[in-house]
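Bear in mind the structure is a predicted one, so any value in this text is a computation, not a measurement.
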Amino acid sequence: MANGDSISVEAQAIGNAPWHTSWTNIGFAALLIGMTSWFLFWGLDYTNHNQILIFVLATLFGVFMAFNIGGNDVANSFGTSVGAGTLSIKQALGIAAIFEVSGAVIAGGEVTDTIRSGIVNLSIVNVEPMQFVYIMMSALLAAALWLLFASRRGWPVSTTHSIIGGIVGASLTLGYMLSSGNSALALVQWNKIGTIVISWVLSPVLGGIVSYGLYYLIKRHILHYNERAKEKLQSLRGERKRLNEEHKSSFERLSEIQKISYTNMMVRDAQMVLGEEDFSPEELESEYYRKLHEIQQKRETISAHYALQNWVPLIAAAGAGIISSMLLFKGLKHMHLGLTTLDNYLIMGMVAAIVWMATFIFAKTLKGNSLDRSTFLMFSWMQVFTASGFAFSHGANDIANAIGPFAAILEVLRSGQIGSESAVPTAAMVTFGVALIAGLWFIGKEVIQTVGHNLTTMHPASGFAAELSAAAVVMMASTFGLPVSSTHILIGAVLGIGLVNRQTNWGLMKPIAMAWVITLPAAGLLAALSFVVLNAAF
């Protein structure tokens, strides 16, 4: 585990590392280049050696997009864990590598929609298959460039909005080339653009409200209780220190015979205290041990670990239910496991019960430790599991922002036709998953710094609250069909933590909010320029 204050040092270490870390950089670069090269070799057969140059460029654009998703979206997801000191950047990288790639490969879906979210309707105009390929290539390149720009500035932005903006910009450009301006504008489902605008406000507000409420309860019933318990324990420690000083002073005033007699009494009292659990305080002979017993009785009435043993297991169980629901209803939805809604709810209940029991037992084992250390450890473990579940679901769903357009390109190159859905080769999932993790390692430090440290100070308890709140809002929004962005939700959740602690950096939030607004038009403009170049070149 890393300390929260070390995040800036660790973040700066990536990319500016000493010799031993530079070998890690070389290793990640070699892995990315090797996987991409292998996929290019594999993909030539998959696409029947059609349009080789286009295939190579499309692969590079797709890998570049996945790389930047890792640098922005994955870094955003793990920023709270690193900022809270729960995980070091290297530990976050390891967890991300396992769960993000597993989510992408295991539950990423066998097929994906050709047009992301149905945002454009290309059936209005006569689009040739290769023009469609140029649209998707332009969208991938434009979204990747915008994400790279945002990541370098530490702005967490929506990868979904980026790819949608790219598809819209390239499609409008093609529409203007093939028809009049009105016909081109008709290609875009403007009502869905409207939902994106709504999400700019709705997502952070929902994330902030839920996070504020959850962390307020945690702070009131657990953290504040612990603070009061610590104050009482500190007072008892002072009382015991005064007792020892008074005893020492009184003992020194005794005669030699009295010292021997009093020492014998204390030895008998010590044997009784250490050897008998059911002794009566009246049986104690020395005034020192009677008062010491009184202090111990006061200590036991404080119940310092009460909140950790009662409230934390309940919160952990609720969190386990939410994360398992995210996995069952969202992360694993492409696997067609044949589970009914009732089955999913029963699984969620079992997971919550197991987590409650495990957390309760863990809390009891920590009873001898200090409150600060016990609280840090418990919420650290909870935050790691929350981040892992969030990462799996993210890998299963948001990798589609890169793999969706790329799979559509592969299908056109392989079959020569535009389909409504495209198969997703496992080789592509693995390659893009590796690119995701490489992006987190090479360019994720600024976004991690922003989310985990610069917007507000994080503790494992607040980091857990932010991640769990974001997961809960994502699930709620999916259930009710609300237009939200997981990135914007998590940032709102972090701001909610800052509001509770009264430590929110609103000055930093201004450029981030501006980046959210210009994400779609910026990606659209870049895609339009890219489409013009590709269409003219090929």
Side-chain angles (χ1 to χ4, degrees), residues 51 54-73 112-123 125 127-151 157-178 184-185 187-190 192-193 196 397-413 418-422 424 428 432 435-436 439 485 518-538:
Q51 300 286 347
I54 292 294
F55 167 69
V56 172
L57 284 176
T59 299
L60 295 178
F61 291 174
V63 169
F64 186 43
M65 175 61 175
F67 180 89
N68 284 285
I69 290 176
N72 200 285
D73 243 21
T112 185
D113 292 338
T114 294
I115 303 296
R116 177 69 178 166
S117 304
I119 202 72
V120 294
N121 181 15
L122 293 177
S123 62
V125 293
V127 180
E128 297 178 3
M130 289 310 298
Q131 290 175 326
F132 175 78
V133 168
Y134 302 152
I135 288 175
M136 293 302 163
M137 289 176 65
S138 301
L140 286 172
L141 179 60
L145 288 172
W146 168 249
L147 287 175
L148 178 62
F149 175 78
S151 297
V157 297
S158 172
T159 56
T160 302
H161 293 178
S162 299
I163 197 66
I164 287 176
I167 292 175
V168 169
S171 299
L172 283 175
T173 304
L174 176 62
Y176 277 109
M177 289 180 176
L178 298 179
L185 292 174
L187 292 174
V188 180
Q189 306 291 326
W190 293 106
K192 295 195 174 184
I193 300 296
I196 292 175
N397 291 277
D398 284 10
I399 191 66
N401 290 322
I403 204 69
F406 182 70
I409 294 170
L410 289 182
E411 187 64 26
V412 172
L413 295 180
I418 304 173
S420 59
E421 289 186 334
S422 304
V424 181
F432 280 37
L436 207 75
S485 163
I518 64 175
T519 287
L520 195 140
L525 179 59
L526 289 171
L529 295 173
S530 300
F531 181 84
V532 170
V533 173
L534 287 172
N535 192 61
F538 297 99

Residue pair [X] / [Y], side-chain heavy-atom distance below 4.5 Å:
X    : Y    : result
L436 : F67  : no
L57  : F538 : yes
W190 : L185 : yes
L526 : L141 : no
L534 : S138 : yes
Q131 : M177 : no

- Task: Applying side chain to side chain contact (heavy atoms under 4.5 Å, CB included), run through L145 and F64 and close with a yes or a no.
- Result: CA-CA 9 Å; L145 288 172; F64 186 43; 3.8 Å; yes

Can you tell me how far [atom2] of [Y] sits from [atom1] of [X], rounded to the nearest 0.5 angstrom?
X    : Y    : atom1 : atom2 : result
T159 : N68  : OG1   : CG    : 10.5 Å
I196 : H161 : CD1   : NE2   : 5.0 Å
M136 : I163 : CE    : CD1   : 8.0 Å
T519 : L147 : OG1   : CG    : 8.0 Å
I167 : F531 : CD1   : CZ    : 13.0 Å
L174 : E128 : CG    : CD    : 9.0 Å

- Query: Checking side chain to side chain contact (heavy atoms under 4.5 Å, CB included) against L140, which of I409, L60, I135 comes through?
  - Reply: I409

- Item | Contacts of F149 that satisfy ring-ring contact (aromatic ring centres under 6.0 Å, His included) - sequence neighbours left out | W146, W155

If I compare all heavy atoms of [X] with all of [Y], which pair ends up nearest, and what's the gap?
X    : Y    : value
V127 : F132 : CG1-N, 3.8 Å
A528 : G169 : CB-O, 3.9 Å
G166 : A139 : C-CB, 3.6 Å
A170 : A527 : N-CB, 3.9 Å

- Message: Suppose we screen for side-chain hydrogen bond (donor to acceptor under 3.5 Å, both in side chains). Which residues come up paired with S151, at least two apart in sequence or across chains?
- Response: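 With sequence neighbours excluded, S151 shows a side-chain hydrogen bond (donor to acceptor under 3.5 Å, both in side chains) to N72, given in chain and number order.
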
- Message: Checking I54 against M137 for the side chain to side chain contact (heavy atoms under 4.5 Å, CB included) test, could you report, in this order, the C-alpha distance in whole Å, the side-chain angles of both residues, the deciding distance, and whether it holds?
- Response: CA-CA 9 Å; I54 292 294; M137 289 176 65; 3.8 Å; yes

